[in-house]
Amino acid sequence: KILITGALGQIGTELTNRLVEIHGAENVVASGLDRWDKNLTSAGFYERMDVTNTQLVRQIIKDYEITTVYHLASLLSGTSEKQPLFAWKLNVEPLLNFCEMAKEGLLKKIFWPSSIAVFGKGIPKENVGQDVVLNPTTVYGISKMAGEKWCEYYHDKFGVDVRSIRYPGLISWKTPAGGGTTDYAVEIFYEAVENGKYTSFISENTAMPMLYMDDAINATLKLMAAPKESLTVHTSYNLGGLSFTPKELADEIKKVMPDFSIDYKPDFRQAIADSWPASIDDAVAKKDWGLSYDFSISEMTKEMLNNLRIKLLK
Ligand code: VAH
């Protein structure tokens, strides 16, 4: 069976749905901090689980005979700056626990999300490569860099099959994002549909790597299905997708909603965004496991506005 942690989050809800489609609900165990209620998840099983509770996690792995874990539970960049010590504990220790279980033979495969937040000072802003120096300046970036190094250590030392992607900002409409710096690119669509205007907490010319959720889920499933021998990266794969500024995104929205307006009031997350690259080189992922994308910025914009109109205005 498959276990997903953080299954009620922005990525988790959509990844759970796809894994249920592929493997059947009876083979998918969703877990999260929230109390269960019937329409929470499409998984066959739901466990209320704090991933930092090592004994409980081990018990659930044994009870359900879990072989694959998608470990998504994490604090994102904005929230991590506000709770550094808890962010370190939550973002790193459970990953180590899952790697230990794989080393003991309790698990066959692990997926763990890293982030473009691992990049920081001293590198070019554009087309950042797979093997540049990692110099994160945020708590979140530090925790993700440490996690990547642990993945590589457990692979190289013990042959653990742990796979990872450095996600850019992810844009989706099914589940709100939570506490991220790129979340302006999610909020803007909700506000466009509900109020016809948006005040961005990121300044107009700050480009960041972004991706529509469907492309991110497809990439994740493609990486996990790839033959182990084809993988040359054991820290985390660069994934670039799109790259745009708040102004460029607002201009795309205006093509669909001419009366939409935007203004800019950068907050503490501007400094986080300034420390990140504007675009990513994902050639290695394309070569190793056939990474590809379906959504351009205009196709994403139409998808987001159409679906949010239905979701928010019914
Ligand atoms: C965040 N959405 O903003 C996440 C992501 C690259 C950004 O890691 O923190």
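FYI, the numbering just counts along the sequence from 1. Just so you know, ligand 1 is whichever comes first in the structure, and atom 1 is the first atom listed for that ligand. These numbers were taken from a predicted model, which means no experiment stands behind them.
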- Message: Do Ser164 and Ser236 pair up side chain to side chain, a donor and an acceptor below 3.5 Å, judged on atom types alone?
- Response: yes
- Ligand-residue contact atoms, ligand 1 with Tyr140, heavy atoms, under 4.0 Å: 5 (C), 8 (O), 9 (O)
- Item | Exam field: side chain Arg163 to backbone Leu223, donor-acceptor pair closer than 3.5 Å | yes
- Query: Near Trp276, which atoms of ligand 1 are under 4.0 Å from a heavy atom of that residue?
  - Reply: 3 (O), 6 (C), 7 (C)
- Note on the structure: If you scan protein heavy atoms around atom 3 (O) of ligand 1, the nearest is Thr181 N, 2.6 Å
- Task: Determine yes or no for a side-chain-to-main-chain donor-acceptor pair under 3.5 angstrom, with Lys1 supplying the side chain and Val29 the backbone.
- Result: no
- Query: Relative to atom 4 (C) of ligand 1, which among Thr182, Leu211, Val186 owns the nearest non-hydrogen atom?
  - Reply: Thr182
- Message: Among all protein heavy atoms in this structure, tell me which lies nearest to atom 9 (O) of ligand 1, with the distance rounded to 0.1 Å.
- Response: Ser77 OG, 2.6 Å
- Query: Is Lys286 salt-bridged to Asp282, going by a charged N under 4.0 Å from an acidic O?
  - Reply: yes
- Within a distance under 4.0 Å of any heavy atom of Ile116, pick out the atoms of ligand 1 and give their elements. 6 (C)
- Item | Atom NZ of Lys149: over 12 foreign heavy atoms under 6.0 Å | no
